[in-house]
Q: 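Quick one: this structure, given as structure tokens, is what I'll be asking you about.
The chains referred to below are lettered A, B, ... by the order of the sequence lines, with proteins before strands, and numbering in each begins at 1. The figures here come from the full heavy-atom set of this structure, side chains too, leaving out hydrogens, waters and symmetry mates.
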2 protein chains.
Amino acid sequence: MIRTVPKVSDAHREQRREQILIAAWKCFARNGFHSTSMADVISEAGLSAGAVYLYFRSKEEIILAVAGQVFTGIAGRMAELFEREPPPSPAEVAGFLIEQPVLARAQTPGDLFPLLLAVWAEATRNPILADLADEILGALRQQITRLFERWESTGQDLRIPARDLAPVLVSLVQGFVTQQALVGNPSPETYRQSVVALFDAAGLGPAQPAG
Amino acid sequence: MIRTVPKVSDAHREQRREQILIAAWKCFARNGFHSTSMADVISEAGLSAGAVYLYFRSKEEIILAVAGQVFTGIAGRMAELFEREPPPSPAEVAGFLIEQPVLARAQTPGDLFPLLLAVWAEATRNPILADLADEILGALRQQITRLFERWESTGQDLRIPARDLAPVLVSLVQGFVTQQALVGNPSPETYRQSVVALFDAAGLGPAQPAG
DNA sequence: GTCTATATCCGGATAGAC
DNA sequence: GTCTATCCGGATATAGAC
């Protein structure tokens with residue numbers, strides 16, 4: 001006569017975690033990690049303290065989960081670029097990355113960009129996040145480097161070592177995120193256009209003749 | 001028979017404030033704003049709580065003072081570029097800004113860059129810092145724009161509106177700061193070289209013929 | 001002017017009822 | 001599994017002696 005444990009278990013558990021992470025995402029985007037209290041997250045999630053602590057051991061654990069999603073979300077859309085034929089030019093890669101800095105959970109970039117700044121700042125202090133940042137940023141650079149090399153292999157001239165140009169391209173995205181978060185401009189369209197024009201002028205655009 | 005107030009007053013007062021700000025600078029660079037306690041700052045300054053609160057009303061006030069110095073320090077070295085004759089090319093401006101992101105109080109960039117990320121993140125939440133960021137970033141962009149226009153006036157072709165290219169250049173600096181803070185590379189030399197090469201290739205270098 | 005000691009508050013995490 | 005009430009540590013800011 002042993003009653004079975006409630007059947008909800010697994011799916012329910014995942015759903016609850018998601019619910020909490022979405023709430024935390026919103027709070028962190030609004031107020032950053034440190035000005036957000038557990039009470040804020042709990043209230044936003046519409047749960048109780050006891051419930052939240054059943055799914056996450058600590059605030060730290062929630063921060064790591066959210067920050068991890070933000071980080072990995074950035075590199076997520078890269079695969080698409082590898083499928084293009086012919087291989088995209090550096091100008092195209094740059095334009096793509098600026099257009100789609102992240103999708104992930106954010107509906108509006110207004111939510112995402114300040115959160116990104118918070119994650120970067122936190123990563124300079126939290127060893128676990130620092131490791132993650134190292135891994136993700138390394139992978140992103142490597143993928144960009146490979147895309148450049150593929151483009152070179154079609155007979156184009158990069159003029160700068162692919163390995164060295166990749167961080168420059170990453171900068172263009174990070175700087176855009178930073179300026180958007182700080183002052184709300186330039187617009188993605190204007191900025192993208194300027195960057196693409198710069199790459200075009202440098203002979204790294206789509207329509208450049210080989211050599 | 002009224003005793004005069006101690007003569008140290010003014011100079012001493014400034015010196016004490018400096019002492020506290022330097023201590024706060026160090027603490028904030030190490031641990032960020034929110035993980036730094038007043039006890040940390042007080043201990044680093046070698047003073048007592050009572051003394052510190054005599055010169056600053058609150059932790060908030062200290063944060064604002066330090067963040068303000070960090071922000072304004074960035075735009076400080078720009079004047080030098082305006083004195084150069086002939087006007088520097090965009091490549092030269094970019095190279096200069098990457099070399100000298102800030103001098104200010106930081107002995108080593110290792111101290112400065114994480115602090116910069118902390119300030120940027122904080123500015124997305126603190127209205128006073130947000131205003132300051134708006135002001136400083138606006139001024140920086142405008143100065144860069146003017147430098148571009150001066151360069152154009154010597155018969156060079158920028159190909160991109162000066163006003164639109166300025167944020168791109170700012171990005172290249174912000175992205176460098178971010179990547180340095182996160183993973184410690186690329187080196188300033190390598191990065192500067194790549195950026196300058198990109199601008200050169202785009203016809204924005206020092207030795208390009210007019211037209 | 002400077003120090004020590006402390007009042008006060010706030011936030012994270014838990015215990016135990018239901 | 002979930003909620004309420006609460007504990008406890010730590011941090012800011014102050015009071016009062018010297």
Q: Classify the nucleic acid contact of A:S35 as base, sugar-phosphate or nothing, counting any heavy atom under 4.0 Å across all strands shown.
A: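 Nothing, no nucleic acid heavy atom in range.
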Q: Between B:Y191 and B:Q180, is there a side-chain heavy-atom distance shorter than 4.5 Å?
A: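 Contact flag for B:Q180/B:Y191 side chains = no.
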Q: Output yes when at least one side-chain N/O atom of B:R16 is less than 4.0 Å from OP1 or OP2 of C:dG1, else no.
A: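 It does not, given that no N or O in the side chain of B:R16 lies less than 4.0 Å from OP1 or OP2 of C:dG1.
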Q: What integer distance in Å separates B:R17:CZ from C:dG1:C1'?
A: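 Interatomic distance, CZ of B:R17 to C1' of C:dG1: 16 Å.
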Q: Quickly work out the B:Y55 OH to C:dT2 C1' distance and round it to whole Å.
A: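 After rounding, the gap between these two atoms is 9 Å.
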Q: Rounded to whole Å, how long is the line connecting atom NZ of A:K59 with atom P of C:dT14?
A: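 The answer, rounded to whole Å, is 15 Å.
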Q: Name the orientation class of the two ring planes belonging to B:F33 and B:F28 (parallel below 30°, tilted from 30 to 60°, perpendicular beyond 60°).
A: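 Plane angle over 60°, so perpendicular.
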Q: At less than 4.0 Å, is any side-chain N or O atom of A:Y53 found next to OP1 or OP2 of D:dT2? Yes or no.
A: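 So the side chain of A:Y53 is outside the cut-off, no N or O lying under 4.0 Å from OP1 or OP2 of D:dT2.
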Q: Whole-Å distance between D:dT2 C1' and A:R13 CZ?
A: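 After rounding, the reported distance stands at 14 Å.
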Q: To the side chain of A:S48, which of D:dG1, D:dT4, C:dG1 is closest?
A: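 Nucleotide nearest to A:S48's side chain: D:dT4.
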Q: Is B:D134 close to A:L182 at the side-chain level, that is, under 4.5 Å between some pair of heavy atoms?
A: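 Counting from C-beta outward, A:L182 and B:D134 never come under 4.5 Å.
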Q: Looking only at heavy atoms, which two atoms of A:I20 and A:V52 are closest? And how far apart?
A: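 So the minimum-distance heavy-atom pair works out to CD1-CA, 4.0 Å.
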Q: How many whole angstroms separate atom NE2 of B:H34 from atom P of D:dT12?
A: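 After rounding, the gap between these two atoms is 12 Å.
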Q: Taking NZ, NE, NH1 and NH2 as the nitrogens, is one of them in B:E80 or B:R77 under 4.0 Å from a carboxylate oxygen of the other?
A: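 Yes, charged N to carboxylate O under 4.0 Å.
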Q: Quickly work out the A:E61 CD to C:dA13 C1' distance and round it to whole Å.
A: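 It works out to 13 Å between those atoms.
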Q: For B:F56, which contact category applies under a 4.0 Å heavy-atom criterion: base, sugar-phosphate, or nothing?
A: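 Result for B:F56 = nothing.
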Q: In whole angstroms, how far is the P atom of D:dA11 from the CG atom of B:N31?
A: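 Going from B:N31 (CG) to D:dA11 (P), I get 11 Å.
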Q: Which nucleotide in the set C:dC3, D:dT12, D:dG1 lies at the smallest distance from any side-chain heavy atom of B:M38?
A: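 Nearest to the side chain of B:M38 among the choices is D:dT12.
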Q: What's the CG-C1' distance between A:L54 and D:dT4, to the nearest Å?
A: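 Going from A:L54 (CG) to D:dT4 (C1'), I get 16 Å.
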Q: Are more than 12 heavy atoms from other residues, nucleotides or ligands located less than 6.0 Å from atom CD of A:Q193?
A: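 Result for CD/A:Q193: open.
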Q: Verify the neighbour count for atom CZ of B:R163: are there more than 12 heavy atoms of other residues, nucleotides or ligands below 6.0 Å?
A: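 It does not: B:R163 CZ has 12 such atoms or fewer within range.
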Q: What is the per-nucleotide protein-contact pattern of nucleotides 5-10 of chain D, from the 5' end, where B denotes a base atom under 4.0 Å from a protein heavy atom, S denotes such proximity for sugar-phosphate atoms only, and - denotes neither?
A: ------
